[in-house]
Structure formats: C-alpha cells, structure tokens
Amino acid sequence: MAVRLYQLAVDAHDLPSLARFWCAVLDWQVLFEDEDEVVIGADASALPGMCFLPVPEGKTVKNRLHIDLAPDDLSTEVERIIALGARRVDVGQSTDVTWVVLADPEGNEFCVLRPKTSLVD
C-alpha cells in the first residue's frame with residue numbers, strides 16, 4: 001500500500017481540553033502535547049490518531065468531514081459521551097435515522113451509529 005490514513009487534524013481553541021474529551025470518548029491517550037499541537041491515539045504505533053491544532057477563528061458552519069463512532073450499544077454510548085461533555089445537535093437528520101448526531105465541546109459534529117460489524121452493513 002502506497003498510502004494510509006495517519007491522523008485526523010482537528011482545529012481547536014482549547015487543545016488540551018478537546019484532546020482529553022476525545023481520549024475519554026475513544027479510550028485513547030495523549031501521546032504528545034505542546035502549545036501548538038496535541039496528538040492522541042490508542043498508542044504511539046496504532047494508526048490513525050488525532051492531532052488538535054490551534055486556530056483563532058470559531059466554528060461557523062456544519063463540518064464537511066465528521067467522525068462516525070460504532071458502539072456496542074447506541075443508547076448507552078450516547079449517554080456516556082453526553083456525560084463527558086458532548087451535546088445532541090440537529091443537522092437536518094430525520095427522526096427515523098439509526099444514528100445520533102452529537103457535537104463535541106467545541107461544536108464539531110460527529111455521529112454515534114447503531115452497532116456495526118463491517119463497513120458495508
């Protein structure tokens with residue numbers, strides 16, 4: 001393979017706080033931290049990771065790219081993630097969808113899906 005997904009870069013205002021939120025959601029750890037970036041992952045050699053980078057501007061529109069999470073139990077994970085600091089958001093989804101749209105503490109939308117066993121189910 002000539003290329004692989006290395007990490008997702010996430011613009012942030014409070015890098016340490018947002019990185020720790022995602023560590024708690026994904027059961028990952030902070031791998032590197034300074035004032036210009038915070039890198040998290042399952043461990044230093046498990047790809048992909050996430051890198052939080054400082055930006056001066058605030059988020060103004062719906063994300064063009066977002067994270068989908070596949071839990072063992074949808075409702076249990078939604079409640080756990082909300083307790084960590086996420087909130088439910090409406091991005092135009094209908095009421096009969098099989099996923100829940102949440103936003104992280106800085107407003108980045110992500111979805112918690114029904115349990116999945118493959119990329120095409």
Side-chain angles (χ1 to χ4, degrees):
M1 176 172 31
V3 68
R4 60 187 157 155
L5 182 59
Y6 177 69
Q7 67 186 11
L8 299 172
V10 180
D11 292 348
H13 285 238
D14 185 344
L15 283 60
S17 177
L18 195 57
R20 283 168 178 71
F21 167 82
W22 281 104
C23 281
V25 169
L26 298 170
D27 193 24
W28 284 6
Q29 58 189 315
V30 173
L31 302 172
F32 175 81
E33 181 173 357
D34 70 18
E35 66 183 32
D36 294 321
E37 71 177 342
V38 178
V39 177
I40 68 170
D43 68 56
S45 59
L47 302 179
M50 292 174 77
C51 180
F52 298 87
L53 303 163
V55 294
E57 69 275 359
K59 182 179 173 305
T60 58
V61 298
K62 178 180 171 287
N63 297 355
R64 296 284 308 264
L65 174 72
H66 71 266
I67 297 169
D68 284 344
L69 303 176
D72 291 334
D73 180 278
L74 174 67
S75 60
T76 299
E77 281 305 301
V78 166
E79 295 312 311
R80 182 184 74 85
I81 295 168
I82 288 172
L84 293 171
R87 61 184 169 78
R88 289 179 183 264
V89 294
D90 182 352
V91 295
Q93 70 272 26
S94 65
T95 57
D96 61 345
V97 297
T98 60
W99 63 87
V100 175
V101 182
L102 299 176
D104 71 17
E106 291 202 10
N108 301 299
E109 299 93 1
F110 62 97
C111 294
V112 182
L113 309 176
R114 64 177 170 75
K116 299 280 192 174
T117 57
S118 80
L119 288 172
V120 295
D121 74 349

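Note that the numbering runs from 1 along the sequence shown for the chain. Because only heavy atoms are used, hydrogens play no part in the values below, and waters and symmetry mates are left out as well, while side chains stay in.
The two residues Arg80 and Ala24 make their nearest non-hydrogen contact at NH1-O, 3.1 Å. Smallest separation of non-hydrogen atoms from Ala86 and Phe110: CB-CZ, 4.1 Å. The heavy-atom pair separating Pro105 from Gly85 by the smallest distance is CG-O, 3.8 Å. Here the closest non-hydrogen pair linking Leu84 and Phe21 is O-CD1, 3.6 Å. Residue Cys111 comes nearest to His66 through the heavy atom pair SG-NE2, 3.6 Å, listed as atom of the first residue, atom of the second, then distance. For Glu37 against Cys51, the heavy-atom pair with the smallest separation is OE1-SG, 3.2 Å.
Within 6.0 Å of CG in Asp72 there are 12 or fewer heavy atoms belonging to other residues, nucleotides or ligands. With a 6.0 Å radius and a threshold of 12 heavy atoms from other residues, nucleotides or ligands, Asp121 has its CG atom above the threshold. Taking a 6.0 Å sphere around CD of Glu35, one finds it holds 12 or fewer heavy atoms contributed by other residues, nucleotides or ligands.
Taking CG of Leu15 as the start and CD1 of Ile40 as the end, the distance is 11.0 Å to the nearest 0.5 Å. Separating the CD1 atom in Ile82 from the CG atom in Leu102 is a distance of 5.5 Å, to the nearest 0.5 Å. Atom-to-atom distance recorded for Ile81:CD1 and Leu69:CG is 5.5 Å, nearest 0.5 angstrom. A distance of 9.5 Å separates CG of Asp11 from CD of Glu106, quoted to the nearest 0.5 Å. Atom-to-atom distance recorded for Ile67:CD1 and Leu65:CG is 7.5 Å, nearest 0.5 angstrom. Between atom CZ of residue Arg114 and atom CG of residue Leu74 there is a gap of 10.5 Å, rounded to the nearest 0.5 Å.
Distance alone, capped at 3.5 Å, places no donor-acceptor pair between the Lys62 side chain and the Arg64 backbone. Panel note: side chain Arg20, backbone Pro16; a donor-acceptor pair is recorded below 3.5 Å.
The hydrophobic cluster around Val89 extends to Val91, Val97, Trp99, Val101, Leu113, counting ILVMFWY residues whose side-chain heavy atoms fall within less than 4.5 Å of a member.
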request  = Give the intermediate values and the outcome of side-chain contact (heavy atoms from CB on, under 4.5 Å) for residues Gln7 and Leu47.
outcome  = CA-CA 7 Å; Gln7 67 186 11; Leu47 302 179; over 6 Å; no

message = Walk me through whether Leu26 and Met50 qualify under side-chain contact (heavy atoms from CB on, under 4.5 Å).
response = CA-CA 11 Å; Leu26 298 170; Met50 292 174 77; 4.0 Å; yes

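The hydrophobic cluster containing Phe52 also contains Val25, counting ILVMFWY residues as joined when their side-chain heavy atoms lie under 4.5 angstrom apart, directly or transitively. Linking ILVMFWY side-chain heavy atoms closer than 4.5 Å, directly or via other members, places Trp22 and Val39 in two distinct hydrophobic clusters.
Between Leu8 and Pro48, the closest side-chain pair of non-hydrogen atoms is not below 4.5 Å.
Electrostatic pairing of Glu79 and Arg88 counts as a salt bridge here, judged by a charged N lying under 4.0 Å from a carboxylate O.
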